[in-house]
Amino acid sequence: MMLDLRNESSVTMFILLGFSEYPHLHAPLFLLFFMTYTVTLIGNMGIILVRKVNPKLHTPMYFFLSHLSFLDICYSSVFTPKLLEILIVEERTISFKGCMTQFFFICAFVITEMFMLAVMAYDRFVAVCNPLLYTVSMSPKLCAFLVAGTYMWGVLCSLTITYSLLQLSYCGPNIINHFGCEYSAILSLSCSDPTFSQVVCLAISIFNETCSLLIILASYVFIVVTIIKMPSKGGLQKAFSTCSSHLTAISIFHGIILLLYCVPNSKNSWLVVKVATVLFTVMIPMLNPLIYSLRNKDVKGTVSRLMRLKLQAHSI
């Protein structure tokens, strides 16, 4: 999908400051982020592989979880390689087109993941509140439609926000006080009136955050009511274990979004924005497979079986 990059900008290259004010931390930060990114790729690819090889996991919940893992790989891969690069090279630059492309993809993947978590909340609502008709209600066609809808909406929102940024002029300075092309960092470099872009971004952000949280809240209100009415402790425990991993992922995801966009706009806040962005783009993709797999017997059982088969193959 091509974006119209024609505007009145004279800037063709941006300089990324990253964590340049802490040069003594570059080596340990590189090792930390490299290991985290490696765990992210292995963990999320593992979730996708485990679902593929275990027929017991061919259910709507794991279908959505495999797409969540795919999104985690994607949006982590948009930011992290560039972050690792600017920690070890002297020339910390990114082209104007590269910057806008990076922003487009990170925005699309984050919005898609936001609604994927909402879809997963609805899935948990159906599983807990209507278990006997779960497989009928969450048909493969409906699951595919919901997933396609989240991707299409993410791309549409990202196109709209990216277009609003492309209508601005960037005539210098060309220094981005960040390790990537984050919205507020790009906007701070504009030398034209950013009101239109700010209004577009604010409207889309409020709409998406409100809608996704309302879907999640409504789903879990019904889940809690159903759990309270359950007569057996076994059913109660199963319902809580089914939803706890998803609630943890939601809390971390939306908590960091609120931290990232509720930080006051001042020079002293840039470090907080950078740290929050690292948590969002580097840490969350690593945590999601751990959150979902450590509490799941089916996933752990499949991983153990695959490891045993691999060890046996090496021993032969």
Side-chain angles (χ1 to χ4, degrees), residues 36-37 39-40 43-44 46-47 60-76 79-80 106-107 109-129 146-147 150 153-154 157 182-183 204-228 236-263 269 272-297 299-300:
T36 303
Y37 184 54
V39 172
T40 297
N44 285 292
I47 291 284
M61 183 179 85
Y62 292 103
F63 174 71
F64 297 131
L65 181 56
S66 64
H67 278 278
L68 184 71
S69 292
F70 172 73
L71 288 168
D72 283 337
I73 291 170
C74 289
Y75 83 73
S76 179
F79 252 134
T80 311
I106 193 69
C107 186
F109 290 135
V110 168
I111 293 172
T112 303
E113 177 149 339
M114 182 184 293
F115 281 95
M116 192 67 69
L117 288 168
V119 166
M120 291 173 75
Y122 174 73
D123 172 70
R124 292 301 80 210
F125 154 70
V126 177
V128 173
C129 300
L146 290 171
V147 167
T150 61
W153 182 248
C157 290
E182 188 263 341
Y183 179 78
I204 290 175
S205 299
I206 291 174
F207 178 81
N208 288 340
E209 190 72 12
T210 303
C211 287
S212 62
L213 284 177
L214 280 176
I215 293 168
I216 292 166
L217 183 62
S219 298
Y220 276 99
V221 165
F222 283 110
I223 288 171
V224 169
V225 171
T226 303
I227 287 173
I228 291 171
L236 185 70
Q237 187 177 1
K238 186 177 180 181
F240 269 121
S241 65
T242 301
C243 301
S244 58
S245 299
H246 184 242
L247 274 173
T248 304
I250 287 170
S251 301
I252 295 172
F253 183 88
H254 286 280
I256 294 178
I257 282 184
L258 292 173
L259 171 65
L260 191 57
Y261 290 102
C262 291
V263 174
S269 69
V272 179
V273 171
K274 290 178 191 178
V275 171
T277 307
V278 165
L279 291 173
F280 194 75
T281 58
V282 181
M283 295 301 176
I284 286 182
M286 180 196 70
L287 290 175
N288 277 344
L290 297 176
I291 290 168
Y292 283 101
S293 61
L294 291 177
R295 297 180 60 88
N296 191 297
K297 292 179 182 178
V299 173
K300 287 190 287 186

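The first residue of the sequence shown is numbered 1, and numbering continues consecutively from there.
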So, for [X] and [Y], which heavy atoms are closest and what is the spacing to 0.1 Å?
X      : Y      : answer
Ser219 : Ala121 : CB-O, 3.5 Å
Asn208 : Cys157 : ND2-SG, 3.7 Å
Ile216 : Ala118 : CG1-CA, 3.8 Å
Gly154 : Ile111 : CA-CG2, 3.8 Å

* Asked: For Thr112 and Tyr75, what are the C-alpha separation, side-chain angles and deciding distance, and is it a side chain to side chain contact (heavy atoms under 4.5 Å, CB included)?
  -> CA-CA 10 Å; Thr112 303; Tyr75 83 73; over 6 Å; no
Measuring only between side-chain heavy atoms, which start at C-beta, is [X] closer than 4.5 Å to [Y]?
X      : Y      : answer
Glu182 : Thr281 : no
Val119 : His67  : no
Phe115 : Cys211 : yes
Phe64  : Leu146 : yes

What distance separates [X] [atom1] from [Y] [atom2], expressed to the nearest 0.5 Å?
X      : Y      : atom1 : atom2 : value
Cys129 : Arg124 : SG    : CZ    : 10.5 Å
Leu213 : Glu209 : CG    : CD    : 4.5 Å
Phe63  : Asp123 : CZ    : CG    : 11.0 Å
Ile106 : Phe79  : CD1   : CZ    : 5.5 Å
Leu290 : Ile47  : CG    : CD1   : 8.5 Å
Thr150 : Met114 : OG1   : CE    : 12.0 Å

* Under 3.5 Å: donor-acceptor pair, side chain of Asp72, backbone of Thr40 ->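 Such a contact is absent between Asp72 side chain and Thr40 backbone.
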* Donor-acceptor pair, side chain of Tyr183 and main chain of Cys107, under 3.5 angstrom ->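 Side chain of Tyr183 to backbone of Cys107, a donor-acceptor pair under 3.5 Å: no, none is there.
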* Asked: Between Phe253 and Phe280, is a ring pair (Phe, Tyr, Trp, His ring centres under 6.0 Å) present by the stated rule, with each step listed?
  -> CA-CA 7 Å; Phe253 183 88; Phe280 194 75; 5.2 Å; yes
* Asked: Judged by modelled atom types alone, do Thr80 and Ser76 share a side-chain donor-acceptor pair under 3.5 Å?
  -> yes
